[in-house]
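What follows is a set of notes on a single structure, which appears directly below.
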Amino acid sequence: GISNANCLVTGMEKVQMSNQTYVYPNPFTNSLHIYKNGEFDFEILDQSGRICKAGKAENSILVTHELISGVYILKLQTASHTEFIKLVKE
């Protein structure tokens with residue numbers, strides 16, 4: 001049989017942030033996958049609160065914006081809910 005005892009996989013699993021939101025990988029290097037049921041607005045904010053990237057999506061988006069290494073906040077907003085997720089760009 002196949003044994004998983006010595007397997008180590010990093011950076012590929014989805015990180016569930018809420019019942020309907022997935023963001024991965026986090027930390028990320030070049031691209032970030034955002035999955036959220038339905039339509040949503042997103043903003044990526046730097047540590048001083050400036051918007052580095054913003055847009056609208058439905059169900060998912062692949063963000064490939066050139067960000068410098070550091071810590072960011074992802075703001076996801078629907079008609080009825082807003083959530084904030086800490087992101088780390090390597």
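These values consider heavy atoms only, across backbone and side chains, with no hydrogens, waters or symmetry-generated copies.
Annotation: side chain of T82 is in contact with side chain of F84 (closest heavy-atom distance under 4.5 Å). No side-chain heavy atom of L67 sits less than 4.5 Å from a side-chain heavy atom of L87. Looking only at side-chain heavy atoms (C-beta outward), F28 and V23 stay at 4.5 Å or farther from each other.
The stretch residues 53-64 participates, sequence neighbours left out, in these side chain to side chain donor-acceptor pair (under 3.5 Å) pairs: D41-K56.
Scanning all heavy atoms of the two residues, the minimum distance from I73 to K86 falls at CD1-CA, 4.1 Å. Here the closest heavy-atom approach between residue S31 and residue P25 is recorded as O-CD, 3.8 Å. Nearest heavy-atom pair across E39 and T78 is O-CG2, 3.6 Å.
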Could you list the donor-acceptor pairs under 3.5 angstrom formed between side-chain atoms of residues 42-51 and any protein atom two or more places apart in sequence or on another chain?
{"from": "D46", "atom 1": "OD1", "to": "S48", "atom 2": "N", "distance (Å)": "3.0"}
{"from": "D46", "atom 1": "OD1", "to": "S48", "atom 2": "OG", "distance (Å)": "2.9"}
{"from": "D46", "atom 1": "OD1", "to": "G49", "atom 2": "N", "distance (Å)": "3.1"}
{"from": "D46", "atom 1": "OD1", "to": "R50", "atom 2": "N", "distance (Å)": "2.9"}
{"from": "D46", "atom 1": "OD2", "to": "R50", "atom 2": "NE", "distance (Å)": "3.0"}
{"from": "D46", "atom 1": "OD2", "to": "R50", "atom 2": "NH2", "distance (Å)": "2.9"}

Applying side-chain contact (heavy atoms from CB on, under 4.5 Å), run through I85 and I34 and close with a yes or a no. CA-CA 11 Å; I85 300 165; I34 303 168; over 6 Å; no
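Scanning for side-chain contact (heavy atoms from CB on, under 4.5 Å) contacts around S69 gives an empty result, with sequence neighbours left out.
Atom NZ of K36 is separated from atom NE2 of H81 by 5.0 Å, given to the nearest 0.5 angstrom.
The local environment of CG in L62 is crowded, with over 12 non-hydrogen atoms from other residues, nucleotides or ligands closer than 6.0 Å.
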